[in-house]
Visitor: 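Take a look at the following structure, please.
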Amino acid sequence: MQSHLACFNPACRARFDINDVLYNCTACGGLLEAKYSFDAIDQAALKKTWRERRMDNAPLSQSGVWRYREMFPFLDDMRHVVTLREGNTPLLSGPRAAAYGGLAAISFKHQGFNPTGSFKDNGMTCGAAQARRLGMKRVACVSTGNTSASMAAYASAGGLDPLIFIPHGNISYGKLAQALEYGAKTFQAEANFDQILALVRVLAERLGIYLLNSINPFRIEGQKSIVIEMMDQRDWRTPDWIVLPGGNLGNVSAFGKGLREMHEVGLIDRMPRLAVIQAEGSSPFYEYMAARGAAPFRAQEHPETLATAIKIGDPVSWPKAQFEIESSKGTVERVSEQEIADAKAVIGQCGIGCEPASAATLAGIRKLTAAGIIDRDADVVAVLTGNVLKDPDYIYRYHTSQLQAPNGTAILPTFGNKPILVPNDPDRITELIG
Ligand code: F0G
């Protein structure tokens, strides 16, 4: 069986050619996923090959995504690959953050070490490769900032024209600056993320532009490499929990698929539990899962959070995310603006740092350990999705007591660290340092 696309809806499971330009099932409208036969995989040999590639200077081996290409063999010709040496992101310990989160230890998988500073690069290298394989000239996305930064870079590096749509005034300058610098045609629309996604889908269809949002199944294939690399770095010891922030819910879908497939071929001997953390003002998936089937999924019309990366009210991948949370016996939590801000400062104090959405992980862990859902001694990996420099304005405001939640409430600088204005006077400064 070759690789193909399949409908994710268990009642449908329609099959499509891997080269069909589709984002939803034409039979039922469901989400699509890439499928392969992994029968021929020898897991021990593969682990060895992947280790050897780390010492190999070939671009595909140096990529922390394509090194693991046997787990997403959708491409027939590797010359379509555009790589900026994505992946290769570290696992870092943070004792102070562990204590804050109510844990004996914590490990951060820091996706902010990627070429454009977020986990989107892991998926975008695959999406851009498929775009080139299909002979596309233009690619488009709507974004809360990171997808657009990443798409702009990979499209430009691969000779494609990037078209970006962002909610006007609602993404950080760091991310907008990247899109401009990487040469994307950038449209700031007077609408929110969910509305713009609908708009971009119409335009993609009308103009024959390839859509590179996480609804694109090849993005999901690339993002699987985050958990594959994580397991390789851990010598294939499965953690108890993997915790990540949730917005459009593509990443948790990718993690679940990657872990299930690794389990299927014997690369890991058990599944970790997945925990998705949302911001309180932007938590439609939390609400839905908390209702335990008592109410249908309902989009939030006016999502609000200062963690703009996850300011999404109508996440497209919720059916996949639900499946992955349930099949991994995972959980969904939500956290307040204050909790995100404080957790972020604590991650900063570890010398690690991350953008606001990423800090929802530690804030969520703190709540989940307090509730007894995660044990104090559990082996926990929290995924930091974006680099600390993505949103410096947020950081400055927090530390100088100027940060306000979207409803106007002041965020307290619990771990504030204000800059100190000093005269040009060594005596006075000596006095201040003490
Ligand atoms: N963290 C960061 C830093 C993000 O940029 C995003 C999503 C998420 C978490 C949530 O991941 O959508 O897979 O659940 N950012 C998208 C964007 C929506 O446009 O950059 P998700």
Side-chain angles (χ1 to χ4, degrees), residues 31 89 109-114 116-124 127 140-153 164-167 170-172 174-176 178-179 184 186 192-194 196-197 200 211-216 219-220 222-224 226-227 243-258 274-279 282-286 303 305-318 320-322 324-325 332 335 340 344 347 353-364 382-391 394:
L31 297 165
T89 62
K109 174 75 173 154
H110 205 326
Q111 292 303 111
F113 282 60
N114 258 301
T116 78
S118 86
F119 73 98
K120 305 292 181 179
D121 295 344
N122 287 68
M124 203 54 75
C141 69
V142 54
S143 179
T144 56
N146 281 323
T147 296
S148 48
S150 182
M151 195 194 79
I164 280 165
F165 294 81
I166 51 177
N170 275 300
I171 78 165
S172 74
K175 299 173 188 177
L176 174 58
Q178 285 181 290
T186 304
N192 69 25
F193 177 92
D194 309 300
I196 305 173
L197 180 56
V200 176
L211 199 59
L212 279 177
N213 276 104
S214 59
I215 196 163
N216 182 310
R219 287 266 319 275
I220 300 296
Q223 283 171 217
K224 287 185 336 196
I226 300 169
V227 284
V243 185
L244 73 164
N248 220 8
L249 303 173
N251 215 20
V252 63
S253 305
F255 282 22
K257 184 172 193 277
L274 293 171
V276 163
I277 318 296
Q278 297 209 290
S282 187
S283 53
F285 186 57
Y286 169 85
T305 173
L306 295 177
T308 50
I310 50 174
K311 188 171 159 178
I312 293 176
D314 193 6
V316 291
S317 293
W318 70 262
K320 286 185 176 178
Q322 177 179 9
E324 302 305 350
I325 292 291
V332 186
V335 290
I340 293 174
K344 179 172 142 55
I347 296 167
C354 63
E355 68 163 282
S358 310
T361 52
L362 182 60
V383 179
L384 300 179
T385 44
N387 191 281
V388 67
L389 286 175
K390 286 280 187 174
D391 196 350
Y394 180 106

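Side chains included, hydrogens not; waters and symmetry mates left out as well; all remaining heavy atoms used. Starting from 1, each residue takes its place in the sequence as its number. Numbering of ligands and ligand atoms starts at 1, following listing order.
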Visitor: With heavy atoms under 4.0 Å as the rule, classify the contact between Val252 and ligand 1 as side chain, backbone, both or neither.
Guide: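 For Val252, there is no contact with ligand 1 at all, from either part.
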Visitor: Taking only residues at least two apart or on different chains, which pairs with a member in residues 247-257 satisfy salt bridge (Lys or Arg N to Asp or Glu O under 4.0 Å)?
Guide: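 Residue pairs passing salt bridge (Lys or Arg N to Asp or Glu O under 4.0 Å), neighbours aside: Glu221-Lys257, Lys257-Glu261.
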Visitor: Please classify the Glu355 to ligand 1 contact at 4.0 Å (heavy-atom distances, strictly less than): side chain, backbone, both or neither.
Guide: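 The part of Glu355 near ligand 1 is the side chain, not the backbone.
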Visitor: So which bit of Ala357 gets within less than 4.0 Å of ligand 1, heavy atoms only: side chain, backbone, both or neither?
Guide: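 For Ala357, the contact with ligand 1 is made by the side chain alone.
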Visitor: For atom 1 (N) of ligand 1, find the nearest protein heavy atom and state the residue, atom name and distance (0.1 Å precision).
Guide: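 The closest heavy atom on the protein side is Thr385 OG1, 2.7 Å.
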Visitor: Among the heavy atoms of Ser214, does any lie under 4.0 Å from an atom of ligand 1?
Guide: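 Heavy atoms of Ser214 never come under 4.0 Å of ligand 1.
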Visitor: For atom 11 (O) of ligand 1, which protein heavy atom lies nearest, and how many Å away is it?
Guide: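 For this ligand atom, the closest protein heavy atom is Phe119 CZ, 3.4 Å.
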Visitor: If the test is side chain to side chain contact (heavy atoms under 4.5 Å, CB included), which one of Asn146, Thr308, Leu389 qualifies with Glu355?
Guide: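 The passing option is Asn146.
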Visitor: Find all atoms of ligand 1 within a distance of less than 4.0 Å from any non-hydrogen atom belonging to Ser143, and give their numbers and elements.
Guide: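 Answer for ligand 1: 17 (C), 19 (O), 20 (O).
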Visitor: Tell me: protein heavy atom nearest atom 15 (N) of ligand 1, and distance?
Guide: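 The answer is Lys120 NZ, 3.0 Å.
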Visitor: Closest non-hydrogen protein atom to atom 12 (O) of ligand 1, residue and atom name please, with distance?
Guide: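 I find the closest protein heavy atom is Asn248 N, 2.7 Å.
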Visitor: Under 4.0 Å from ligand 1, counting heavy atoms only, is it the side chain of Leu244, its backbone, both or neither?
Guide: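 Neither; nothing of Leu244 gets under 4.0 Å from ligand 1.
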Visitor: Using a strict cut-off of 4.0 Å, indicate which atoms of ligand 1 neighbour a heavy atom of Ile310.
Guide: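 This gives 8 (C), 9 (C), 10 (C) as the contact atoms.
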Visitor: Starting from atom 5 (O) of ligand 1, find the nearest protein heavy-atom neighbour and note its residue, name and distance.
Guide: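 That would be Asn146 ND2, 2.8 Å.
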Visitor: For ligand 1, which atoms have a heavy atom of Asn251 less than 4.0 angstrom away?
Guide: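 In order of number, 13 (O).
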Visitor: Would you mind running through ligand 1 and noting each atom that sits below 4.0 Å from a heavy atom of Ile312?
Guide: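 Listed by number with element: 18 (C).
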Visitor: With a cutoff of 4.0 Å, is Gly246 in contact with ligand 1, counting heavy atoms of the residue only?
Guide: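 Within the 4.0 Å threshold, so yes.
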Visitor: Could you list which atoms of ligand 1 come closer than 4.0 Å to a heavy atom of Ala309?
Guide: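 Within the 4.0 Å cut-off of Ala309, ligand 1 contributes 2 (C), 3 (C), 4 (C), 5 (O), 6 (C), 7 (C), 15 (N), 18 (C).
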Visitor: Within the 4.0 Å heavy-atom shell around Gly250, which atoms of ligand 1 are there?
Guide: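 With Gly250 as reference, the close atoms of ligand 1 come out as 13 (O), 14 (O), 21 (P).
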